[in-house]
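Encoded as structure tokens, the structure appears first; notes follow it.
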Amino acid sequence: MRPKHWVKNSFVLAPLVFTGAFLKADAVGHAVLAMLLFCVASSATYIVNDMHDVEHDRRHPLKSKTRPLAARMVSVPAALILLAGLYSILIWGWFVTPKVGLVIAAYLVLNLAYMFVLKHQPVVDIFSIAIGFVLRVYAGAMALDVPVSSWMFITTLCLALYLAAVKRRQELSQNGTEGRKVLEKYSVSLVDRYAEMSATGALVFYSMFVMSTKPELVFTVPLVLFGLFRYWFVVEAHDGGESPTDALLADWPLLLTVLLWVAVCVWALWPVPA
């Protein structure tokens, strides 16, 4: 189920923060429920992925030891029972919050398409990963029944493309083309340019969003810039980035930057009593 990777689902809470609705109990409840349902959906996707790739993972030097199915720590029947339980929760969530359920259904379909087809298509594979993060933000907006900000959409897409490009770069530089067949179509210099373009786009669009819509968040721009710089440092100096979650949790300055960014956003957007 990879609970460590649930941190990615915090993207669901972005609309809650930027709409300033974090002081409303019902809004918080709806957003947290959406995030938890996305945690269930992502875990279900990981299980299906591990079942599909089990033989390939057993030939991988790292995954053969860390993936429960590949390492034979969990049997396929046990995984199927767990998967059925997770899908049952998602079906329940569909009836509780249909709009969020529809977004999660799109996320599940996207991941199935990625698993069988899209991950073998260069460039399409990177965008498929990034769209998963955009869907998380969209689910957060649906949970609050608010329109999706165009700024938030494009900024999230650029940031996710940056993370996905860096992931491909690290896979290529550390394992060559052995890990994924699609890596044969890439070079380190190419995905470096993808990452640089995406990081620049994320910074520019976020800054434009702040300057035009939320000027009170101007102090968060340096934090975003530092976070991008620090993440690239972790990639270069510590060979991180193949797993964005591991890179974030293993580097305390990067983690502190993210937490400080959240704190400044909440402070700046705190509703002023009339």
With a 4.5 Å heavy-atom cut-off, do [X] and [Y] have their side chains touching?
X    : Y    : value
V210 : F219 : no
I129 : Y114 : yes
D246 : K4   : yes
Y231 : Y162 : yes
P253 : F233 : no
L159 : F133 : no
L102 : P98  : no
L90  : L108 : yes

Working to the nearest 0.5 Å, report the span between [atom1] of [X] and [atom2] of [Y].
X    : Y    : atom1 : atom2 : value
L86  : I47  : CG    : CD1   : 5.0 Å
L144 : K99  : CG    : NZ    : 11.0 Å
S187 : L172 : OG    : CG    : 7.5 Å
L260 : L223 : CG    : CG    : 5.0 Å
L112 : M115 : CG    : CE    : 5.5 Å
L13  : F38  : CG    : CZ    : 12.0 Å

Q) Can you list the steps and then say if R67 with R2 is a side-chain contact (heavy atoms from CB on, under 4.5 Å)? A) CA-CA 9 Å; R67 298 284 171 87; R2 305 186 205 175; 3.2 Å; yes
Q. Parallel, tilted or perpendicular: which fits the ring planes of Y206 and W261, with parallel below 30° and perpendicular above 60°?
A. tilted
Q: Determine the interplanar angle of the F22 and W270 rings, folded into 0 to 90°, and report it as parallel if under 30°, tilted if 30 to 60°, perpendicular if over 60°.
A: tilted
For residues [X] and [Y], report the shortest heavy-atom separation together with the two atoms involved.
X    : Y    : answer
L118 : S128 : CD1-OG, 3.4 Å
V17  : C265 : CG1-CB, 3.9 Å
A199 : L228 : O-CD1, 3.8 Å
A41  : I104 : CB-CG2, 3.6 Å
A31  : L16  : CB-CD2, 4.0 Å

In the single-linkage hydrophobic clustering (I, L, V, M, F, W, Y; side-chain heavy atoms under 4.5 Å), do [X] and [Y] co-cluster?
X    : Y    : answer
L80  : I91  : no
L269 : L23  : yes
V235 : W252 : no
M51  : V117 : yes
Y46  : V109 : no

Q: Run the numbers on M211 and V218 for side-chain contact (heavy atoms from CB on, under 4.5 Å), then give the verdict.
A: CA-CA 7 Å; M211 298 302 180; V218 66; 3.9 Å; yes
Q: Would you mind listing every salt bridge (Lys or Arg N to Asp or Glu O under 4.0 Å) that reaches into residues 146-159, with sequence neighbours excluded?
A: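 The answer is none; no pair qualifies.
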Q) Distance-only, no hydrogens or angles: does the H52 side chain make a donor-acceptor pair with backbone N or O of V48 under 3.5 Å? A)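 Looks like no, no N/O pair under 3.5 Å.
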Q: Return yes if some donor-acceptor pair links the side-chain N/O of S10 with the main-chain N/O of V7 below 3.5 Å, else return no.
A: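 Looks like yes, one N/O pair under 3.5 Å.
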Q | Test side-chain contact (heavy atoms from CB on, under 4.5 Å) applied to R169 and Y194, step by step | A | CA-CA 10 Å; R169 178 196 187 278; Y194 286 163; over 6 Å; no
Q.
Hydrogens and angles aside, do T45 and Y107 bring a side-chain donor and acceptor to less than 3.5 Å of each other?
A.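 Note: T45 and Y107 side chains miss the donor-acceptor criterion.
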Q) Would you call D125 and R168 a salt bridge, taking side-chain N to carboxylate O under 4.0 Å as the test? A)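 Salt bridge: yes.
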Q: Step through it carefully: locate the ring centre of F209, locate the ring centre of F18, and say whether they are under 6.0 Å apart.
A: yes
Q: Please assess W6 against T245 for the test side-chain hydrogen bond (donor to acceptor under 3.5 Å, both in side chains), listing each intermediate value before the final yes or no.
A: CA-CA 9 Å; W6 289 348; T245 302; over 6 Å; no
Q. Can you list the steps and then say if V74 with L82 is a side-chain contact (heavy atoms from CB on, under 4.5 Å)?
A. CA-CA 11 Å; V74 175; L82 177 58; over 6 Å; no
Q: For R58, check side-chain hydrogen bond (donor to acceptor under 3.5 Å, both in side chains) against everything at least two apart and list the hits.
A: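 R58 satisfies side-chain hydrogen bond (donor to acceptor under 3.5 Å, both in side chains) with E55 only.
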